[in-house]
Enquirer: 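Got a structure for you, questions after.
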Amino acid sequence: MSASVVIPTLNAERFIGKLLERLFSQTVKFNEIVVIDSESTDKTVEIAKTFDGVTVLNVERRNFNHGGTRDVAFQKTTGDIILCLTQDALPVDENYAANLIAPFAEDENVAMSSGRQIARDDAPLTEKLNREFNYPEHTFVRSKEDLPCLGVKTFFSSDCCSAYRRTAYNAIGGFDKDILVNEDMKIAAQFIFSGYKIAYVGSAGVLHSHNYSLWQQFTRNFDVAAFMKMNNDLFGSVSAASEGVKMVKWIIKRLLKGGHLFSAVYYVVECATKLLANKLGSRYKSLSKKNRIRFALNKNYWRTHD
């Protein structure tokens, strides 16, 4: 099966060279690698263009959209499988792509796969535990039959490290072209409800983590909650709480067991911040446009939508 890669970028100078080097060292040889850049002001585009086999596309920053922009890049690829990465995700070895693609050959009903995210060494302890809980080492496949047990976790996928079967992607119309956030989660839900399967591949790993402030956590979760409300037809009847509660308990237990009392207290504050953001985001319709923009991470989206 032939494969292509899509990477959206914005001021990725410190990441893009090493990422492209790692991609060219893969056991899989790609038809093309498409970098779609949102008016970077650093050397991102200059570095990307030094690699043969890399196509650089440009999009105005004000027009960037998580779904629409990726779809533009998808249409410039030719592979049977299209791999997605974010600019700050670094494959851990040369087998990342081969392992991520393997489920498509094993089961023709697999429409999407996603890989393991491993926190960087400088990530906060809570972030490392979050990655450890959400991204195990083993591999499994989810389908519609898993909804009663897994709830919203059935759709858990990330375009930080993912891959799509082109025919399945086209069959459901591709990404939502005008979406606030979570284009990956929405298309995963569409795949599941259309009878396709989604694979999680623990052996396809990338180094990726964040060190968000409480305010960044708030704005990120505000947008996610609003996204869920906007797509109530997909997510309204699917349980979302149980898996989240399970993760919170697991992380707090690990922190206390390791003697990290301060981190445990901070994590509780972080969870409270996310909960408040979720409540506000789910009620975004009752907020003024000014407050939606104020509370949001993706401010450009809210500026152009009522």
Side-chain angles (χ1 to χ4, degrees), residues 1-101 113-115 117-118 120 122 158-166 169-170 174-175 177-179 181 183-184 187 204-210 297-301:
M1 303 179 79
S2 60
S4 304
V5 181
V6 165
I7 311 168
T9 57
L10 172 61
N11 294 333
E13 178 181 342
R14 63 193 180 106
F15 302 116
I16 194 64
K18 192 170 184 179
L19 171 55
L20 291 173
E21 287 175 2
R22 190 64 57 89
L23 288 175
F24 280 108
S25 72
Q26 294 295 301
T27 57
V28 171
K29 303 306 176 186
F30 304 111
N31 285 21
E32 61 274 308
I33 297 173
V34 178
V35 171
I36 185 160
D37 186 75
S38 300
E39 296 182 318
S40 289
T41 55
D42 62 5
K43 295 182 179 179
T44 299
V45 171
E46 181 182 331
I47 294 170
K49 285 183 175 180
T50 65
F51 289 83
D52 291 334
V54 173
T55 299
V56 178
L57 305 177
N58 298 290
V59 60
E60 291 184 8
R61 194 178 301 184
R62 63 187 177 90
N63 292 329
F64 174 85
N65 186 273
H66 289 287
T69 300
R70 283 180 170 85
D71 184 72
V72 169
F74 270 42
Q75 302 314 316
K76 298 296 183 179
T77 63
T78 59
D80 300 317
I81 307 298
I82 308 153
L83 285 72
C84 279
L85 285 160
T86 52
Q87 64 187 35
D88 57 342
L90 183 68
V92 297
D93 59 31
E94 70 277 8
N95 296 311
Y96 133 83
N99 291 338
L100 195 60
I101 292 170
S113 68
S114 62
Q117 295 185 35
I118 302 166
R120 297 178 184 272
D122 61 351
S158 172
D159 279 340
C160 168
C161 174
S162 64
Y164 295 85
R165 188 189 297 273
R166 180 182 297 278
Y169 178 86
N170 290 335
F175 290 125
K177 310 306 183 292
D178 184 22
I179 194 168
V181 287
E183 81 294 335
D184 38 25
I187 199 170
V206 294
L207 293 175
H208 182 257
S209 53
H210 298 292
L297 178 64
N298 188 355
K299 298 184 186 298
N300 281 342
Y301 178 91

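Just the heavy atoms: all of them, side chains too, but no hydrogens, waters or symmetry mates, feed the values below. Along the sequence shown, the residues carry numbers beginning at 1. Here the structure is a predicted model, which is why all the values come from computation and not from measurement.
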Enquirer: Passes side-chain contact (heavy atoms from CB on, under 4.5 Å), I187 versus Y169? Steps please.
Expert: CA-CA 9 Å; I187 199 170; Y169 178 86; 3.6 Å; yes
Enquirer: Verify the neighbour count for atom CZ of R14: are there more than 12 heavy atoms of other residues, nucleotides or ligands below 6.0 Å?
Expert: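 Result for CZ/R14: open.
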Enquirer: Take atom NZ in K299; do more than 12 heavy atoms of anything else shown fall under 6.0 Å from it?
Expert: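 Yes, enclosed.
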Enquirer: Verify, without hydrogens or angle tests, whether T69 (side chain) and H66 (backbone) share a donor-acceptor contact under 3.5 angstrom.
Expert: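 Such a contact is absent between T69 side chain and H66 backbone.
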Enquirer: Below 4.5 Å, heavy atoms only, C-beta onward: do L57 and D37 meet side chain to side chain?
Expert: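 No, too far: nothing below the 4.5 Å cut-off.
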Enquirer: Looking at S209 and R120, would you say the former's side chain and the latter's main chain have a donor-acceptor pair under 3.5 Å?
Expert: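 Judged by distance alone, yes, a pair lies under 3.5 Å.
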Enquirer: One pair to check against side-chain contact (heavy atoms from CB on, under 4.5 Å): R166 and I82. What are the steps and the verdict?
Expert: CA-CA 7 Å; R166 180 182 297 278; I82 308 153; 3.8 Å; yes
Enquirer: So S158 and Q117, do their side chains get closer than 4.5 Å, heavy atoms only?
Expert: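 Yes, side chains in contact.
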Enquirer: Minimum heavy-atom separation for V34 to A73, with atom names?
Expert: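 For V34 versus A73, the nearest heavy atoms are CG1-CB, 3.9 Å.
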Enquirer: Can you name the closest pair of heavy atoms from S2 and G79 and give their distance?
Expert: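 Scanning both residues completely, I find the closest heavy atoms to be OG-CA, 3.5 Å.
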Enquirer: Step by step, would you call E32 with S4 a side chain to side chain donor-acceptor pair (under 3.5 Å)?
Expert: CA-CA 5 Å; E32 61 274 308; S4 304; 2.3 Å; yes
Enquirer: With L20, which residues qualify under side chain to side chain contact (heavy atoms under 4.5 Å, CB included), at least two apart?
Expert: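 By the side chain to side chain contact (heavy atoms under 4.5 Å, CB included) rule, L20 matches I7, I16, L23, I33, A48, F51, V54.
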Enquirer: Are side-chain heavy atoms of L85 and V5 found at a separation under 4.5 Å?
Expert: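 Contact flag for L85/V5 side chains = yes.
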Enquirer: Mind checking whether L83 and L100 have side chains closer than 4.5 Å, heavy atoms only?
Expert: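 When only atoms from C-beta onward are counted, L100 and L83 do touch, with a gap below 4.5 Å.
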Enquirer: May I ask you to decide if R165's main-chain N or O and D80's side chain share a donor-acceptor pair within less than 3.5 Å?
Expert: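 A pair under 3.5 Å: no.
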Enquirer: Taking only residues at least two apart or on different chains, which pairs with a member in residues 77-100 satisfy ring-ring contact (aromatic ring centres under 6.0 Å, His included)?
Expert: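 Listed by first then second residue: nothing to list.
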Enquirer: Using a 4.5 Å cut-off on heavy atoms from C-beta on, say whether the side chain of E39 contacts that of E60.
Expert: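 A side-chain contact under 4.5 Å exists here.
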Enquirer: Does the side chain of D88 reach to within under 4.5 Å of the side chain of H208, using non-hydrogen atoms?
Expert: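 With C-beta onward as the side chain, the pair touches.
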Enquirer: Please determine whether side-chain contact (heavy atoms from CB on, under 4.5 Å) holds for the pair V6 and F74, giving the CA-CA distance in whole Å, both sets of side-chain angles, and the decisive distance to 0.1 Å.
Expert: CA-CA 7 Å; V6 165; F74 270 42; 3.8 Å; yes
Enquirer: Given the side-chain rings of F175 and Y164, with only the six-membered ring counted for Trp, is the space between their centroids under 6.0 Å?
Expert: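 Yes, the ring centres sit under 6.0 Å apart.
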Enquirer: Might you point out which heavy atoms bring A204 and N99 nearest each other, and give the distance in Å?
Expert: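 Nearest pair, atom of A204 first, then N99: CB-CB, 4.0 Å.
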Enquirer: Minimum heavy-atom separation for T27 to A98, with atom names?
Expert: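 What the structure gives for the nearest pair is OG1-CB, 3.6 Å.
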Enquirer: For the atom pair OG1 (T77) and CZ (F30), what is the distance rounded to the nearest 0.5 Å?
Expert: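 Reported value, rounded in 0.5 Å steps: 12.5 Å.
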Enquirer: Does some side-chain heavy atom of P91 sit less than 4.5 Å from a side-chain heavy atom of Q26?
Expert: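 Side chain of Q26 against side chain of P91, heavy atoms only: contact under 4.5 Å found.
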Enquirer: Is the shortest side-chain heavy-atom distance between D159 and R70 below 4.5 Å?
Expert: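 Yes. Closest side-chain heavy atoms under 4.5 Å.
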Enquirer: Above 12 or not: heavy atoms from other molecules or residues under 6.0 Å from NZ of K177?
Expert: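 Above 12, so yes.
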Enquirer: Which heavy-atom pair separates N11 from T41 by the least distance, and what is that distance?
Expert: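 Shortest heavy-atom contact: OD1-N, 2.7 Å.
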Enquirer: side-chain contact (heavy atoms from CB on, under 4.5 Å) between V28 and I101: does it pass, once the steps are laid out?
Expert: CA-CA 9 Å; V28 171; I101 292 170; 4.3 Å; yes
Enquirer: Measure the OG-CG distance between S38 and L10 for me, rounded to the nearest 0.5 Å.
Expert: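 Between atom OG of S38 and atom CG of L10 there are 6.0 Å.
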Enquirer: Restricting to non-hydrogen atoms, name the atom on L90 and the atom on L19 that form the minimum distance, rounded to 0.1 Å.
Expert: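 Result for this residue pair: CD1-CA, 3.9 Å.
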